[in-house]
Amino acid sequence: MNQTPLGLFGVEALISDEDRAIRDTVRRFVDDRLRPHLADWYETAQIPARELARELGSLGLLGMHLEGYGCAGTSATAYGLACMELEAGDSGLRSLVSVQGSLAMFAIWKHGSEEQKQEWLPRMAAGEALGCFGLTEPDFGSNPAGMRTRAKRDGDDWVLSGNKMWITNGSVADVAVVWAQTDDRIRGFVVPTDTPGFSAPEIKKKLSLRASVTSELVLDNVRLPGTALLPGAAGLSGPLSCLSEARFGIVFGALGAARDCLETTLAYAGDRQIFDKPLAAYQLTQAKLADMTLELGKGMLLALHLGRLKDEGTLESAQVSLGKLNNVREAIAIARECRTILAAAGITLEYPLMRHANNLESVLTYEGTSEVHQLVIGQALTGQSAFR
Ligand SMILES: Cc1cc2nc3c(=O)[nH]c(=O)nc-3n(C[C@H](O)[C@H](O)[C@H](O)COP(=O)(O)OP(=O)(O)OC[C@H]3O[C@@H](n4cnc5c(N)ncnc54)[C@H](O)[C@@H]3O)c2cc1C
């Protein structure tokens with residue numbers, strides 16, 4: 001029996017029985033329920049998001065590492081491992097879960113009023129309500145502090161105007177957590193998507209994350225009661241605290257895509273006969289496989305280490321940047337290298353390589369681009385901010 005790439009690293013010994021059981025459940029769900037449809041969902045850019053949300057909710061995967069309000073309250077490591085399995089299927093599915101749990105639900109769980117938590121979290125955990133998280137704008141991605149979306153007081157109400165861009169789950173969401181500039185600071189608002197003045201046109205023609213809904217949010221004088229304000233968040237630290245949660249999931253998630261590519265490639269190279277012997281038997285192929293295995297395994301050790309730190313409550317945001325930068329960068333390199341081994345066969349949806357590679361282009365960009373994470377790490381090392 002041949003070793004698997006992660007088996008060679010012996011990572012199983014680093015995962016607790018409870019976390020492993022959760023991971024195995026998610027892996028089975030991905031293989032049995034999702035994998036047969038992934039290529040079609042990607043090709044047609046259609047996913048049954050609401051149906052999937054309910055299934056993911058019944059498995060306890062939505063907001064799974066949060067406590068209370070119907071959330072499963074697992075370890076952070078278990079959440080990471082679940083993200084890895086979901087992204088071994090498709091980054092779009094992991095994105096659905098990340099945005100729901102780590103961005104929309106976490107924002108309400110961490111910064112919301114008791115009333116907001118009671119109203120939304122149990123339904124969101126069950127997958128009966130979907131959430132999105134509106135921070136990015138057409139002109140402000142890496143620099144959200146410049147946002148133009150405004151929230152103005154009108155008596156007891158708030159009135160929101162502006163545009164958000166590239167918002168995952170936007171058109172299918174029941175609730176949007178929207179960040180807006182007020183006279184004081186940036187504040188967050190819980191916006192039911194059936195509020196008059198709110199619309200979410202879907203962004204079409206994407207070549208990446210096709211099995212994920214991405215939308216613009218249009219806020220045209222959206223009037224909300226005073227209770228729509230997230231009381232616990234004032235300033236950019238509010239949305240950044242949520243991004244750190246989602247980035248943590250990506251540290252593991254991206255490795256799922258890479259693992260799927262590498263395992264697919266190992267199987268293919270073992271079968272494919274070139275010049276009368278298996279492609280896997282050539283030194284050049286083995287050098288590629290060995291180098292990719294090294295990066296996958298190192299990334300996994302880093303992810304598990306960050307998971308332990310998060311479970312102990314000591315994980316810092318610059319450490320999440322180390323993981324996000326490294327693991328997404330290596331995952332996309334692995335996906336592309338695997339594609340060279342499959343050569344022509346690697347360019348279709350018959351195999352997952354280009355689907356993963358294309359998806360990882362978005363993963364490289366959202367939740368802080370690679371350059372932004374380099375700057376975060378640079379600042380941690382030097383004490384100098386080079387953002388401006
Ligand atoms: C599929 C998808 C889903 C998304 N989902 C969401 C979502 O749910 N919610 C949400 O709010 N946003 C979402 N985003 C938006 C994402 O977070 C932004 O795209 C990202 O922050 C980058 O912003 P930008 O695309 O405007 O790039 P820009 O900010 O315009 O960056 C352009 C380039 O400049 C570089 N750069 C930026 N600052 C510096 C600097 N100081 N020095 C040197 N180079 C720099 C960047 O790294 C990048 O290479 C999503 C994006 C995608 C693609």
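Any value given below was found using the heavy atoms of this structure, including those in side chains, with hydrogens, waters and symmetry copies removed. Every number for a ligand or one of its atoms is a count from 1 in the order of the listing. Please read all numbers here as calculations on a predicted model, not as lab measurements.
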Checklist line | Residues Thr214 and Lys206: side-chain donor-acceptor under 3.5 angstrom | finding: yes

Note to self: Can you list everything that forms a side chain to side chain donor-acceptor pair (under 3.5 Å) with Asn359? Sequence neighbours excluded, please.
What the structure shows: Asp90

Margin query: Determine whether the aromatic ring centres of residues Tyr366 and Trp166 are separated by less than 6.0 angstrom.
Written below: no

Could you check ligand 1 for N or O atoms lying under 3.5 Å from protein N or O atoms and list the pairs with distances?
from	atom 1	to	atom 2	distance (Å)
ligand 1	5 (N)	Trp166	O	2.7
ligand 1	5 (N)	Thr168	OG1	2.8
ligand 1	8 (O)	Thr168	N	3.0
ligand 1	8 (O)	Thr168	OG1	3.4
ligand 1	9 (N)	Phe133	O	2.9
ligand 1	11 (O)	Leu135	N	3.0
ligand 1	11 (O)	Thr136	N	2.8
ligand 1	11 (O)	Thr136	OG1	3.1
ligand 1	12 (N)	Thr136	OG1	2.7
ligand 1	14 (N)	Trp166	O	3.1
ligand 1	29 (O)	Ser142	N	2.9
ligand 1	29 (O)	Ser142	OG	2.7
ligand 1	41 (N)	Phe387	O	2.9
ligand 1	47 (O)	Thr369	OG1	2.6
ligand 1	47 (O)	Glu371	OE1	2.7

Checklist line | Side-chain heavy-atom pair Arg247, His373 within 4.5 angstrom cut-off | finding: yes

Note to self: Would you compute the distance between atom CG of Leu306 and atom CZ of Phe252 and round it to the nearest 0.5 angstrom?
What the structure shows: 7.5 Å

Note to self: Strictly distance-based, threshold 3.5 Å: is any side-chain N or O of Ser208 a donor or acceptor partner for the main-chain N or O of Asn358?
What the structure shows: yes

